[in-house]
Asker: 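Dumping the structure here so I can ask a few things about it.
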Amino acid sequence: MNKVFFALTCLVLIAVLSCQNKKTVTINQPDRKWWKEAVVYQIYPRSFKDANGDGIGDLKGIISKLDYIKSLGVTAVWLNPIYSSPNDDNGYDVSDYRNIMTDFGTMADFDELLKGLHARDIKLVMDLVVNHSSDEHDWFKQSRSSRTSPYREYYHWWNAERGTPPPRYSLFDVNHDAWRYDLLTKAYYLHYFSRKQPDLNWENPKVRKEVFDIMKFWCDKGIDGFRLDAFGFAAKDTTWPVYPKGYEKDFSKYYALQPHLHDYLKEMNQEVLSKYDVMSVAEGTGNTNEDAHNMVDADRHELGMAYPFEGVDIAKPEGYSVLHFKQVFSKWDNVFADKGWLSVFLANHDQSRLVSRYGNDKPAFRELSSKMLTTFILTMRGTPYYYNGDELGMTNAGFTDIKDYRDKATLTEYQHQINIKGDMKLFMKTTEFACRDNSRTPFQWDGTANSGFSTGNPWIKVNQNYTTINAAAQESDPNSILNYFRKAVKLRHDNLVLVYGKYTLLDSENPDTYAYTRELDGKKILVLLNFRDHAAAAKTGIDLSKAKLLISNYNQPSSDGSLKPYEASVFELQN
Ligand code: NOJ
């Protein structure tokens, strides 16, 4: 009897203890998820590491750098598209969704990569490009072959006898015309991006089934998530209304989040996402906060995470307002304060370099401002995304000759400007600052030829500053940007408050500094950031005398809120 009583008491005790334990970690965090706690590292495969010397990064190259990736402390990798593709838009034009691009390797390489990542506790998120396919995909070849093809309705066609279709803006077309006439069947097909990227018809249930099957194929292989490329554009108003004059200046407003999108996402969730432990994030958030919220409200069973563009669109060649920056990030935090989840990022493969856009890439401030931006990204609520090379403070290459550019959007726009006799000087100046090729130059591994990226001739020029800015040089320097990034990632992993904690903006009207607190379960962290190349004071009213410094990009950080140029200091506050 005593034994039974003892055993029962033990069981009750264990239950109580485990509940308490759970309570301390789950309080105010109703649904913890691995992808909320992840730090995502985005790899642009074409430019990361070339293993076979053809000048193009590949999967074997990534495999050879797995220990480096692990050493960063990141817990998920997002890979830009690696599927078979004729590469009109660097893989965002897929010709076979179940195969690997020859430039990148084989399916066996992919399996090895996935295994290698998982062996290091790193998840793999794949890019899913299904607003459009390549015109070289078998579906499109069939669709284009005849008006009666069973694949005809896989895409959007407008038969020529109906006259010219109502104008639609294309991002990557030399005439900005999203309708392309196809002589064979005397009809126009729709392409919001390039002519080689025809838009799929999501109204067709067969298309949806094809896509869900593709997603299952990759999930069954064991991948951990999807980033849905341009998916906000997938649903279209197929009554094809004529948009008002000038609509193209704000085309997203007309293209994004058309009514059926939520239905498609719900179906995708039901058919695929709900069946696997995968993360899901769609590029762009639609037109309103409500749109964004609805996409990722867990109760609606659509996607897991929003990826709003507003923050990444702030930087301009002439600079940006810190007040505006704070307003935007505070607004987005607020949208998801109670429900839903967002991504936090300032760079990706479609933007130029983080430090050149949001920081200061002059030698005196490159390191400080890179570290400051890293501190920002890793201390906000939401899942942080970090783009490869930014952990070294890689800068814009700023090519001045159009021949050095490879980007589809830039090359077609260049031709467009010539055709309309545009201001070519202005075009080149804007391109130098903003072109996405700036972030696609080869990863700077070391100071050897081609920055250690390739023994061949790189597909795009290496940034000439690789002899000083490279991973090898930063490895051995404890104060390097790279090592600061590692520390900041660790800080986030060690402090759940940085993931889930409530965000409060302080000193909101300060035009130079950004100060905020994060709070969870009695723990309070203060983040002080100076976005300027001169000293500035953050007036938070918080007494720092008893605060514990957690990280700073200065050896002698602020002790009273007066911040040195680009200072970033993070404190734990005592209650
Ligand atoms: C968004 C991707 O991020 C970009 O790189 C691509 O060019 C377009 N979608 C078209 O797929």
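Bear in mind that the values here come from a model prediction, so they are computed numbers and not experimental data. Indexing begins at 1, ligand by ligand and atom by atom, following the structure's order.
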Asker: Out of all atoms in ligand 1, which are within 4.0 Å of some heavy atom of F172? Include the element for each.
Answerer: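 That gives atoms 7 (O) of ligand 1.
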Asker: Examine the proximity of ligand 1 to E283 and report which part, side chain or backbone, both or neither, has a heavy atom under 4.0 Å away.
Answerer: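 The answer is the side chain.
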Asker: Can you list the atoms of ligand 1 that are under 4.0 Å from a heavy atom of H132?
Answerer: 10 (C), 11 (O)
Asker: Which protein heavy atom lies closest to atom 2 (C) of ligand 1, and at what distance to 0.1 Å?
Answerer: D229 OD1, 3.0 Å
Asker: Indicate whether the side chain of T410 and that of D407 have a donor and an acceptor atom separated by less than 3.5 Å.
Answerer: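 Indeed, the side chains of T410 and D407 share at least one donor-acceptor pair under 3.5 Å.
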Asker: Examine K33 relative to W341 and say whether NZ or CZ is less than 6.0 Å from the centre of the six-membered ring and inside a 45° cone about the ring axis.
Answerer: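 No cation-pi geometry.
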Asker: What's the separation between atom CZ in F104 and atom CG in L113, rounded to the nearest 0.5 Å?
Answerer: 12.0 Å
Asker: Distance alone, cut at 3.5 Å: any donor-acceptor contact between the side chains of Q351 and R357?
Answerer: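 Yes.
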Asker: By number and element, which atoms of ligand 1 are closer than 4.0 Å to a non-hydrogen atom of H349?
Answerer: 2 (C), 3 (O), 4 (C), 5 (O)
Asker: R436 heavy atoms, cut-off 4.0 Å: which ligand 1 atoms fall inside?
Answerer: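 It comes down to these atoms of ligand 1: 4 (C), 5 (O), 6 (C), 7 (O).
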Asker: Which residue owns the protein heavy atom closest to atom 8 (C) of ligand 1, what's the atom, and how far is it?
Answerer: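 Of the protein heavy atoms, F193 CE2, 3.8 Å lies nearest.
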Asker: Around atom 5 (O) of ligand 1, find the nearest protein heavy atom and jot down its residue, atom name and distance.
Answerer: D350 OD1, 2.7 Å
Asker: Regarding W78 and D127, do their side chains bring together a donor and an acceptor under 3.5 Å, going by distance alone?
Answerer: yes
Asker: Just by distance, no angles: are the side chains of Q42 and N80 close enough, under 3.5 Å, to form a donor-acceptor pair?
Answerer: yes
Asker: Which bit of R227 is near ligand 1, meaning a heavy atom under 4.0 Å away: side chain, backbone, both or neither?
Answerer: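 Under 4.0 Å from ligand 1, R227 contributes side-chain atoms alone.
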Asker: What is the ring orientation for F376 with F329, classed by angle as parallel under 30°, tilted 30 to 60°, or perpendicular over 60°?
Answerer: perpendicular
Asker: Please list the nearest protein heavy atom to atom 7 (O) of ligand 1 with its residue and the distance rounded to 0.1 Å.
Answerer: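 Result for atom 7 (O) of ligand 1: D89 OD2, 2.5 Å.
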